[in-house]
Amino acid sequence: MTDQYAVIGNPIGHTKSPLIHGLFAKETGQDITYTAIEGPIEPADAFAATVRTFIAAGGRGMNVTAPFKLQAFAIADERSERAALAGAVNAMKFENGRIIAENFDGVGLVRDIEVNLNQPMAGKRVLVLGAGGAVRGALLPFIAARPAELVVVNRDVRKAEALLAQVASSDPLIACGYRELDTMGQFDLVVNATSASLTGQLPAVAPSVFSPAGAAYELAYGKGLTPFLRLARDAGVQGIADGVGMLVEQAAEAFEWWRGVRPQTQAVIDRLTVPLE
Ligand code: NDP
């Protein structure tokens with residue numbers, strides 16, 4: 001019997017997940033269907049009911065996107081360490097009526113940076129802009145990549161401080177505000193994990209944070225040269241990329257978790273890439 005998977009979000013019309021998982025299934029010969037479900041916002045328990053209905057109809061797993069990542073966390077029976085730290089879930093597996101929850105956003109991001117873009121983080125100075133959901137999901141995978149220094153900067157500094165306080169690490173982790181960056185010099189990798197680009201805004205970073213020999217990564221995707229990527233390019237940074245690879249890599253992690261087979265990602269990334277310029 002064909003196994004059923006889905007992505008749930010609201011709105012969901014923009015999602016690329018059915019296309020990505022459809023391509024993975026074709027390439028690996030897996031017999032699955034993967035649909036998009038527009039989850040109900042109200043009443044408060046309607047999300048859980050929709051997931052339960054999908055499970056009862058034979059559903060094997062789901063991806064979760066905005067605004068349901070926190071609700072998915074709340075209804076899970078088991079949560080990975082990454083999901084627990086993030087307090088958010090982007091993939092669920094259903095086994096014997098139990099909901100097992102994961103968060104692959106961060107691991108997909110790190111894999112895109114280190115493998116696809118060939119920018120290993122070990123021993124490097126890494127600057128992350130933002131301290132929202134995406135950074136919560138990425139923190140443990142970033143620490144596991146063993147940068148020499150990991151600086152998390154946020155407008156609301158307390159959010160960055162609270163996040164870093166949750167992890168025990170021997171690596172230097174620094175939470176600060178944008179003004180403090182002025183005295184911190186250049187970073188090998190600067191990651192824009194704010195949502196500023198979604199509204200065409202630029203976080204308050206100076207060009208001096210970039211190292212021309214390093215890289216700049218924008219989590220938003222399909223938006224061409226965002227103000228952040230433009231700043232990096234104008235500062236002479238050679239390696240600039242948006243988050244399409246992260247999107248595909250987190251999907252590949254979920255696919256492997258569900259199906260036990262690792263799909264190839266590069267052709268899918270190439271297919272979804274919108275040129276930066
Ligand atoms: P959240 O809403 O959880 O967090 C938003 C963050 O952006 C906060 O840290 C906020 O700071 C900061 N921010 C917003 N506007 C500005 C601004 N003008 N200047 C400086 N900081 C700003 O968002 P997410 O973490 O979920 O998403 C962040 C980005 O990552 C989005 O662009 C999203 O599309 C992208 N994303 C991409 C994925 C992919 O697969 N490629 C997956 C998941 C997310 P403060 O706390 O001070 O308000």
Side-chain angles (χ1 to χ4, degrees), residues 7 9-12 14-17 19-21 63-73 82-83 85-91 102-113 116-117 127-142 151-164 175-181 190-206 209 216-231 240-255 265 268-269 272-274 276:
V7 57
N10 189 322
I12 199 65
H14 65 285
T15 185
K16 304 274 186 241
S17 293
L19 171 62
I20 294 170
H21 283 278
N63 282 124
V64 184
T65 187
F68 298 122
K69 289 184 178 184
L70 305 187
Q71 288 185 58
F73 180 84
R82 288 185 294 241
L85 179 70
V89 157
N90 91 323
E102 255 291 4
N103 189 321
F104 292 121
D105 280 336
V107 81
L109 169 61
V110 169
R111 191 174 166 88
D112 193 38
I113 291 171
N116 300 336
L117 306 173
L127 172 63
V128 176
L129 314 180
V135 178
R136 285 205 303 274
L139 194 56
L140 290 181
F142 266 92
V151 176
V152 178
V153 60
N154 201 44
R155 290 183 305 195
D156 179 351
V157 187
R158 285 164 308 175
K159 251 161 87 176
E161 287 170 348
L163 178 57
L164 295 191
C176 68
Y178 283 91
R179 278 204 199 130
E180 290 161 70
L181 287 179
V190 183
V191 178
N192 183 15
T194 74
S195 52
S197 301
L198 302 181
T199 50
Q201 291 180 299
L202 176 68
V205 276
V209 298
Y217 193 98
E218 167 76 74
L219 260 66
Y221 55 88
K223 302 206 165 295
L225 211 52
T226 62
F228 168 78
L229 290 178
R230 190 178 296 276
L231 187 77
I240 61 172
D242 75 4
V244 67
M246 170 184 179
L247 176 73
V248 175
E249 292 296 344
Q250 65 76 27
E253 295 287 334
F255 191 91
T265 50
V268 182
I269 294 171
L272 292 180
T273 294
V274 174
L276 291 178

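In each ligand, atom 1 is the first atom listed, and ligand 1 is the first ligand listed. Note that the coordinates shown come from a computational prediction; the quantities given were computed from them, not determined experimentally.
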Calculate, to the nearest 0.5 Å, the distance between atoms CD and OG belonging to E218 and S197 respectively.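 So the gap between those two atoms works out to 3.0 Å.
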
Protein contact to [atom] [nearest heavy atom, distance to 0.1 Å]:
{"atom": "atom 17 (C) of ligand 1", "result": "R155 NH1, 3.3 Å"}
{"atom": "atom 28 (C) of ligand 1", "result": "A193 O, 3.4 Å"}
{"atom": "atom 33 (C) of ligand 1", "result": "L198 CD1, 4.4 Å"}
{"atom": "atom 46 (O) of ligand 1", "result": "K159 NZ, 2.5 Å"}
{"atom": "atom 32 (O) of ligand 1", "result": "T194 O, 3.5 Å"}
{"atom": "atom 7 (O) of ligand 1", "result": "S195 N, 3.0 Å"}
{"atom": "atom 4 (O) of ligand 1", "result": "G132 CA, 3.4 Å"}
{"atom": "atom 8 (C) of ligand 1", "result": "N154 OD1, 3.9 Å"}

Are any of the side-chain heavy atoms of [X] and [Y] separated by less than 4.5 Å?
{"X": "P141", "Y": "R82", "result": "yes"}
{"X": "K69", "Y": "N90", "result": "yes"}
{"X": "V107", "Y": "V110", "result": "no"}
{"X": "L139", "Y": "L163", "result": "yes"}

Would a distance-only check, ignoring hydrogens and angles, find a side-chain to backbone donor-acceptor pair under 3.5 Å from Q250 to L247?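 At least one qualifying donor-acceptor pair exists.
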
For T199 and A196, indicate whether the former's side chain and the latter's backbone hold a donor-acceptor pair under 3.5 Å.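 Indeed, once roles are kept as given, a pair shorter than 3.5 Å links the two residues.
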
Which pair of heavy atoms, one from [X] and one from [Y], lies closest together, and at what distance?
{"X": "Y178", "Y": "A204", "value": "CD2-O, 3.5 Å"}
{"X": "I269", "Y": "G245", "value": "CD1-CA, 3.9 Å"}
{"X": "A131", "Y": "V152", "value": "CB-CG1, 4.3 Å"}
{"X": "F142", "Y": "L109", "value": "CE1-CD2, 3.4 Å"}
{"X": "G177", "Y": "V153", "value": "C-CG2, 3.4 Å"}

Backbone or side-chain N or O of [X] under 3.5 Å from ligand 1 N or O:
{"X": "D105", "result": "no"}
{"X": "A134", "result": "yes"}
{"X": "G243", "result": "yes"}
{"X": "L219", "result": "yes"}
{"X": "Q250", "result": "no"}

Which atoms from ligand 1 have a heavy atom of [X] less than 4.0 Å away?
{"X": "A131", "result": "9 (O)"}
{"X": "D156", "result": "47 (O)"}
{"X": "G130", "result": "9 (O)"}
{"X": "Y178", "result": "20 (C), 21 (N)"}
{"X": "Y221", "result": "39 (C), 41 (N)"}

Can you list the steps and then say if Y217 with D242 is a side chain to side chain donor-acceptor pair (under 3.5 Å)? CA-CA 6 Å; Y217 193 98; D242 75 4; over 6 Å; no

Would you say S197 contacts ligand 1, with heavy atoms under 4.0 Å as the rule?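 Flag not set, S197 not near ligand 1.
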
From the candidates G245, G137, A160, G133, the one that places a heavy atom nearest atom 3 (O) of ligand 1: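 That would be G133.
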
Select the closest option to atom 38 (C) of ligand 1 among K69, E218, M246, E249, judged by heavy-atom distance.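 Residue with the shortest heavy-atom distance to the ligand atom: M246.
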
